[in-house]
Asker: 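Pasting a structure here, questions to come.
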Amino acid sequence: MDTRTDAAVGGIAADRLRSIIERVERLEEERKALAGDIKDIFTEAKSAGFDVKVIRQIIRLRKLEPSEVEEQETLLDIYRRALGI
C-alpha cells in the first residue's frame, strides 16, 4: 500500500488522528485511576468519622468565588426562613 495513501485517507491524516485518539485514551485511564484514588480518600475520611457529604460540599464551595459563596449562603438562609426551617 502507498505510504501516502496510508497517511492521508479521505483527507484525514491517519497518524494525527491515531495520536489524538491514543492521547484521549491515556487521559481516560488516568482519570479512572484518579477517581479510584479519590474514592479511597473519601473512604479514609469516612472511617475517620468525617461526613463525606459535607466534605464534598466544602470542596464544591472552595471552587467558587467568595462572592458566589456569600450569595448562595444568603439564598439558603432566605429559603430556610421562608420554609420555617
Side-chain angles (χ1 to χ4, degrees):
M1 181 178 260
D2 183 2
T3 306
R4 191 171 172 192
T5 306
D6 187 38
V9 177
I12 297 175
D15 291 341
R16 178 79 191 270
L17 178 59
R18 185 176 296 105
S19 171
I20 290 169
I21 290 170
E22 288 172 352
R23 287 170 34 212
V24 170
E25 289 172 339
R26 278 193 302 275
L27 289 172
E28 286 177 345
E29 284 299 317
E30 288 178 29
R31 178 171 47 188
K32 184 178 176 183
L34 288 172
D37 293 345
I38 291 169
K39 182 180 177 187
D40 292 345
I41 293 170
F42 282 124
T43 300
E44 175 186 341
K46 186 175 181 178
S47 68
F50 294 106
D51 187 317
V52 173
K53 288 182 183 179
V54 174
I55 290 173
R56 288 183 189 276
Q57 288 176 335
I58 290 171
I59 291 169
R60 189 171 55 251
L61 288 172
R62 288 171 52 114
K63 292 178 185 178
L64 299 175
E65 294 293 323
S67 61
E68 292 174 306
V69 173
E70 184 178 339
E71 181 181 342
Q72 285 188 7
E73 288 175 347
T74 300
L75 285 172
L76 181 61
D77 185 51
I78 291 169
Y79 292 179
R80 282 181 174 161
R81 283 187 280 144
L83 297 172
I85 299 175

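These numbers come from a predicted model, not from an experiment.
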Asker: Enter the distance from Gln72:CD to Gln57:CD here, rounded to the nearest 0.5 Å.
Answerer: 10.5 Å

Asker: List the residues meeting side-chain contact (heavy atoms from CB on, under 4.5 Å) with Glu28, not counting sequence neighbours, and say none if there are none.
Answerer: Val24, Arg31

Asker: Taking atom CD of Glu71 as the centre, report whether more than 12 heavy atoms of other residues, nucleotides or ligands fall under 6.0 Å from it.
Answerer: no

Asker: My understanding is that only residues two or more places apart in sequence, or in another chain, count here; which of them pass side-chain contact (heavy atoms from CB on, under 4.5 Å) with Glu70?
Answerer: Thr74

Asker: Evaluate the criterion side-chain contact (heavy atoms from CB on, under 4.5 Å) for residue pair Arg18 and Ile21; output intermediate values, then yes/no.
Answerer: CA-CA 5 Å; Arg18 185 176 296 105; Ile21 290 170; 5.9 Å; no

Asker: Identify the heavy atoms of Val69 and Leu61 that sit nearest to each other, and give their distance.
Answerer: CG2-O, 3.5 Å

Asker: Applying side-chain contact (heavy atoms from CB on, under 4.5 Å), can you list everything that pairs with Phe42, at least two apart in sequence or on another chain?
Answerer: Ile38, Val52, Ile55, Arg56, Ile59

Asker: Going from OG1 on Thr43 to NZ on Lys39, what distance comes out if it is rounded to the nearest 0.5 angstrom?
Answerer: 6.5 Å

